[in-house]
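First the structure, in the form of structure tokens, and then the observations on it.
Order of listing sets the numbers, starting from 1, for every ligand and every atom in it.
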Amino acid sequence: MRSALGRIHGSATSFEFEFVVTNSKNVKRGDYIKVWNDKDGWVLAQVADILAVDNPKLSEIYRSKEVLIAKARVLGKRESGKLRMPTSPFIPGDNVYSAEDSLVAETLGFCEDGVYIGLLGDTGVKVKLNPNTLVQKHVCILAKTGSGKSYTAGVIIEELLERNVPLLIIDPHGEYISMKKPGRFKDNEFGVEPRGYADKIVVYAPPSSPFINSADKELSLDGINLSAEELIELSGLRSPTAQALLYQALRNLKDYTISDIIEEVENIRHSGKWTLIGALSKIENSGLFKSKPTDLRTLLLRGKASLIDLRGIEPAYQNLIVSRVVSKLFELRKKGEVEPGMIVVEEAHNFAPEREKTVATKVLRNVASEGRKFGLGLMVISQRPARVDKNIISQCNTQIILKVTNPNDINAIKKGIEGITAEMVEEIKRLPTGTAVVVSPELDVPVIVRVRIRKSQHSEATSVMKEEEKEKEPVLEENKEEKKGFLKRFFRSRKS
Ligand SMILES: Nc1ncnc2c1ncn2[C@@H]1O[C@H](COP(=O)(O)OP(=O)(O)OP(=O)(O)O)[C@@H](O)[C@H]1O
Ligand SMILES: [Mg+2]
């Protein structure tokens, strides 16, 4: 047995106690400790705080000028798979010991062959989460920019890919493409070897993407039965007259393509129709809609991650792609035509914002609330927790929170996470990069995790964005000129 860290002092309950630290080198805030309880055996506790006290009586007993008192929070003991609190209080004078890794892992409920996300606090205990809970009950990763959200999402993606879980990654910055390549470092502390996933990741890009040449496959949609709201969002059509004409045209159509709508609008006798025809032609010419579109079944395949690279795509088109692809996959999943899997949504505040709903909000909400029944999970990632649809966040049973400082985001986290203490909130404000508070239904108590090093290469969103700006701007300008030219030609031909 290791030597004692200290001795219980003052009044103790079965939930908390204080101990005089006799081995000050080995006691830190956050450490896991154990105490023997005659009724319950070894019980796990955690050091919540350490105070230096001026107490002559204790100084005399412990023969030290400076006396340290540690406050401990009892975590309990695992019994028949459940964490239980001891039924009787601890005894003042009893010794407190450092808890061994196996006791910590067992008590906190880590799953032996689970998804390995990192090491627990300062310990060498591997935090492993049950993959079924993680996937089916949804995960959110929230933190301020640069704190390690995408890095952590990459860690989970690696683990799920190794378990052959089908994944769809919505990647607005193309930052997960680098996962094809192995990481540069071998790491002994976390025990991971570099590894690339080129055999498992398939990159898709829409035809108009500036990055279409580097994608593995093109992503196109059928454009059948686009709703008036979708068409208005895509075209940015503001004119109330043109919008009214669109609703009028759609009333007469059943199972239609964009060409069918244009044909219908052409028959309307109203001068306002030209604005609408121009807007609809712009959508038709985006190249996204094809008569032989991508078979969306191929986006959720066992052992594969389909990554949709949305760099350089206008936000309205990004939203439409997410809405159409996710709703189709959900339908297919309900019919059992694709396997259970997970959809990863980066920058979720853009696709499902708390205010101003987008065309993607409804379908993401549906998957969040009903996906688990059908085996379709969501991983939602955002740097602005307060700006993501609350219904979606509240459905994420596993919550991974890295550093957050914005008071609105802190409030959103306080409201959204059950069992989060004021101390945890203070901790979240100060977390170093790559360290997360993890809350999971499997764990009973929130834990602090040093997210493990990546096996595959990580590319930071900011640097990718800079690259994207360089490459995107000229193409988009070109597109604008092309579109302007197209509209001029279009109107000329109509007039003549
Ligand atoms: N667990 C980790 N281990 C080692 N380094 C890490 C870890 N997490 C993050 N980092 C470092 O921090 C950088 C920023 O991480 P990341 O790109 O994941 O931030 P982010 O929260 O996604 O930021 P953004 O909001 O800008 O997308 C990484 O490039 C990496 O160098
Ligand atoms: Mg990121």
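For ligand 1, the atoms sitting less than 4.0 Å from at least one non-hydrogen atom of Gly148 are 8 (N), 9 (C), 15 (O), 16 (P), 18 (O), 19 (O), 20 (P), 21 (O), numbered in the order shown with element in parentheses. The distance from ligand 1 to the heavy atoms of Gln383 drops below 4.0 Å at these ligand atoms: 25 (O). Which parts of ligand 1 touch Thr433 is read off a 4.0 Å heavy-atom cut-off, strictly below it: atoms 9 (C), 10 (N), 11 (C), 12 (O).
Residue nearest to atom 26 (O) of ligand 1, selected from Val451, Ile117, Thr145, Ile453: Thr145 (by heavy-atom distance). The residue among Gly118, Gly146, Ser150 with a heavy atom at the shortest distance from atom 22 (O) of ligand 1 is Ser150.
A heavy-atom separation below 4.0 Å is found between Ser147 and ligand 1.
Salt-bridge annotation for Arg29 and Glu427: present, with a side-chain N of the basic residue lying under 4.0 Å from a carboxylate O of the acidic one. Salt-bridge check for Lys149 with Glu346: failed, with every basic side-chain N at 4.0 Å or more from each acidic carboxylate O. The existence of a salt bridge linking Lys334 and Glu331 is excluded, since no basic side-chain nitrogen approaches an acidic carboxylate oxygen closer than 4.0 Å. Using a cutoff of 4.0 Å between basic side-chain nitrogens and carboxylate oxygens, Arg430 and Glu426 are scored as salt-bridged.
Residue contacts with ligand 1, taken as heavy atom pairs separated by less than 4.0 Å, involve His458 solely via side-chain atoms from C-beta onward.
Within a 6.0 Å sphere centred on NZ of Lys181, other residues, nucleotides and ligands contribute 12 heavy atoms or fewer.
The salt bridge (Lys or Arg N to Asp or Glu O under 4.0 Å) check on Asp295 picks up Arg297, with sequence neighbours excluded.
Residue Tyr151 has at least one nitrogen or oxygen atom sitting less than 3.5 Å from a nitrogen or oxygen atom of ligand 1, judged on distance alone. At a 3.5 angstrom cut-off on N or O pairs, Glu347 does not count as close to ligand 1.
One N or O on the side chain of Glu158 and one on the backbone of Ser456 form a donor-acceptor pair closer than 3.5 Å.
For the Mg ion (ligand 2), the set of nearby N, O or S atoms under 2.8 Å includes one belonging to Ser150.
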